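Just the heavy atoms: all of them, side chains too, but no hydrogens, waters or symmetry mates, feed the values below. To find a chain, count down the sequence lines: A is the first, B the second, and so on, and within it residues start at 1. What you are looking at is a predicted structure, and each value in this text was computed from that prediction instead of being measured.
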Amino acid sequence: MNAAFYDRPVVEVARDLIGCVVRHGECAGVIVESEAYHDSEPACHAFVGLTPRTATLFGPPGRAYVYRSYGIHACLNAVCEPEGVGAAVLIRALEPVDGIELMRERRGLERLESLCSGPGKLTQALGIGLELNGSDLLRGPVVIAGRPRAWRDIQVAVSKRIGITKAAELPWRFSAADSRFLSRPALSRA
DNA sequence: CATGGGATTGACT
DNA sequence: GTCAATCCCATGC
């Protein structure tokens, strides 16, 4: 993975991240669900413009945007598009690959399919907190690597984004077809 | 300075 | 299916 990968239209990057690997320390998982957000549409945090909260989104591509959701959870995004454009891909679900026992400890759960099947779950499983906001996804501590061979020709499904009230009709959610590790099934349409 | 709303989750009816 | 937990921060007075 290189810097140019993220310096592209955010919807393309969201699709291409399916099958890629997120790693933090000994824990890692394959991305099976993602969503695109862009400052031109109101569901994106960057829609309000450049503020302290959105500064990371408008910064250089290839960085992590980590924010607190509902006062409780952290959610991980990959910042995309050129500096000055507020856009990012929300990582919504992973298929656990490495460090599974540590994930189980952090989550307090055994079931493999429940460890990373949601944006707040996977940050808990991988130990990703707000202190990693703005960190470099090419250098770490959190890194995203390209698709393993087995995931090279995976089928990607398209659907509507989940859990938002504004611009909810945009088909900007992507998922690995038939994955058992999604936050919700991808029933849908392009 | 006070207020209100989430890109969610897990527990409960 | 319903609902509370909990906190950052954008907005408005």
Side-chain angles (χ1 to χ4, degrees), chain A residues 6 9-15 17-18 20 22 29 31-59 61 63-81 85-96 103-135 137 142 144 157-176 179-188:
Chain A
Y6 298 100
V10 66
V11 176
E12 288 183 20
V13 179
R15 181 196 61 211
L17 278 174
I18 300 298
C20 294
V22 178
I31 300 171
V32 292
E33 184 178 344
S34 67
E35 287 178 357
Y37 288 87
H38 189 275
D39 62 26
S40 61
E41 46 90 13
C44 183
H45 292 166
F47 185 70
V48 299
L50 181 59
T51 67
R53 186 195 192 194
T54 62
T56 305
L57 284 169
F58 285 98
R63 298 278 187 68
Y65 168 55
V66 185
Y67 69 94
R68 185 165 300 292
S69 173
Y70 291 88
I72 302 171
H73 306 100
C75 293
L76 173 67
N77 299 250
V79 176
C80 296
E81 309 223 5
V85 178
V89 176
L90 171 66
I91 309 301
R92 286 195 56 92
L94 305 177
E95 176 172 333
M103 291 186 190
R104 286 185 166 128
E105 282 179 33
R106 286 169 169 159
R107 295 274 297 125
L109 292 170
E110 287 300 312
R111 190 169 173 269
L112 191 62
E113 288 85 350
S114 302
L115 293 178
C116 299
S117 56
K121 298 178 184 179
L122 69 91
T123 54
Q124 184 185 17
L126 269 62
I128 295 172
L130 299 191
E131 72 280 1
L132 291 168
N133 183 41
S135 66
L137 293 172
V142 177
I144 301 181
V158 184
S159 52
K160 296 179 187 174
R161 295 180 295 181
I162 292 174
I164 55 175
T165 57
K166 293 166 286 192
E169 73 289 349
L170 291 175
W172 284 6
R173 175 178 179 240
F174 299 90
S175 55
S179 174
R180 302 147 42 217
F181 300 91
L182 304 180
S183 66
R184 304 186 46 173
L187 303 169
S188 43

Ignoring hydrogens and angles, tell me if any N or O in the side chain of A:Arg68 forms a donor-acceptor pair with the backbone of A:Ile72 under 3.5 Å. yes
Across all chains, not counting sequence neighbours, the side chain to side chain donor-acceptor pair (under 3.5 Å) partners of A:Glu95 are none
Across all chains, not counting sequence neighbours, the ring pair (Phe, Tyr, Trp, His ring centres under 6.0 Å) partners of A:Tyr67 are A:His45, A:Tyr65
Quick note, salt bridge (Lys or Arg N to Asp or Glu O under 4.0 Å) partners involving residues 38-56 of chain A, not counting sequence neighbours, are A:Glu41-A:Arg161
On DNA chain C, more 5' by nearest nucleotide between A:Leu130 and A:Ile72 is A:Ile72
- Query: Side chains of A:Arg92 and A:Ser34: donor-acceptor distance under 3.5 Å anywhere?
  - Reply: no
The first and last nucleotides of DNA chain C lying within contact of chain A, meaning any atom under 4.0 Å from one of its heavy atoms, run from C:dA5 to C:dT11
Distance-only donor-acceptor pairs under 3.5 Å for side chains of residues 110-120 of chain A, two or more places apart:
from, atom 1, to, atom 2, distance (Å)
A:Arg111, NH1, A:Ser114, OG, 2.9
A:Glu113, OE2, A:Arg180, NE, 3.4
A:Glu113, OE2, A:Arg180, NH2, 2.4
A:Ser117, OG, A:Glu113, O, 3.1
A:Ser117, OG, A:Lys121, NZ, 3.3

Within residues 86-96 of chain A, the residues having a heavy atom closer than 4.0 Å to DNA chain B are A:Leu90, A:Arg92
Between A:Tyr70 and A:Arg53, whichever has its closest DNA chain C nucleotide further toward 5' is A:Tyr70
Checklist entry - Are A:Arg107 and A:Gln124 close enough that a side-chain donor and a side-chain acceptor fall under 3.5 Å? => result yes
Assign each of A:Arg68 and A:Leu109 the nucleotide of DNA chain B bearing its closest heavy atom; nearer the 5' end lies the nucleotide of A:Arg68
Per the under-4.0 Å heavy-atom filter, residues of residues 41-51 of chain A near DNA chain C come out as A:Val48, A:Thr51
Residues at least two apart in sequence or cross-chain that pass salt bridge (charged side-chain N to carboxylate O under 4.0 Å, His left out) with A:Glu81, listed by chain then number, are none
DNA chain C in dot-bracket form (Watson-Crick or G-U pairs under 3.5 Å, [ ] crossing, | inter-strand) is |||||.||||||.
In this structure, CZ of A:Phe47 is separated from OG of A:Ser40 (nearest 0.5 Å) by 8.5 Å
A:Glu105 meets the salt bridge (charged side-chain N to carboxylate O under 4.0 Å, His left out) criterion, sequence neighbours left out, with none
Residues at least two apart in sequence or cross-chain that pass side chain to side chain donor-acceptor pair (under 3.5 Å) with A:Thr54, listed by chain then number, are A:Thr51
Here the pair of heavy atoms bringing A:Cys75 nearest to A:Leu90 is CB-CD1, 3.9 Å
> Do any N or O atoms from the side chain of A:Glu33 and from the backbone of A:Leu94 form a donor-acceptor pair under 3.5 angstrom?
Replying inline: no
When every non-hydrogen atom of A:Ala74 is compared with those of A:Leu130, the smallest separation belongs to CB-CD2, 4.2 Å
DNA chain B: first to last nucleotide in contact with chain A (atom under 4.0 angstrom from a heavy atom), 5' to 3', is B:dG6 to B:dG10
Closest heavy-atom pair, A:Leu122 versus A:Ala93, reported as atoms and distance to 0.1 Å, is CD2-N, 3.6 Å
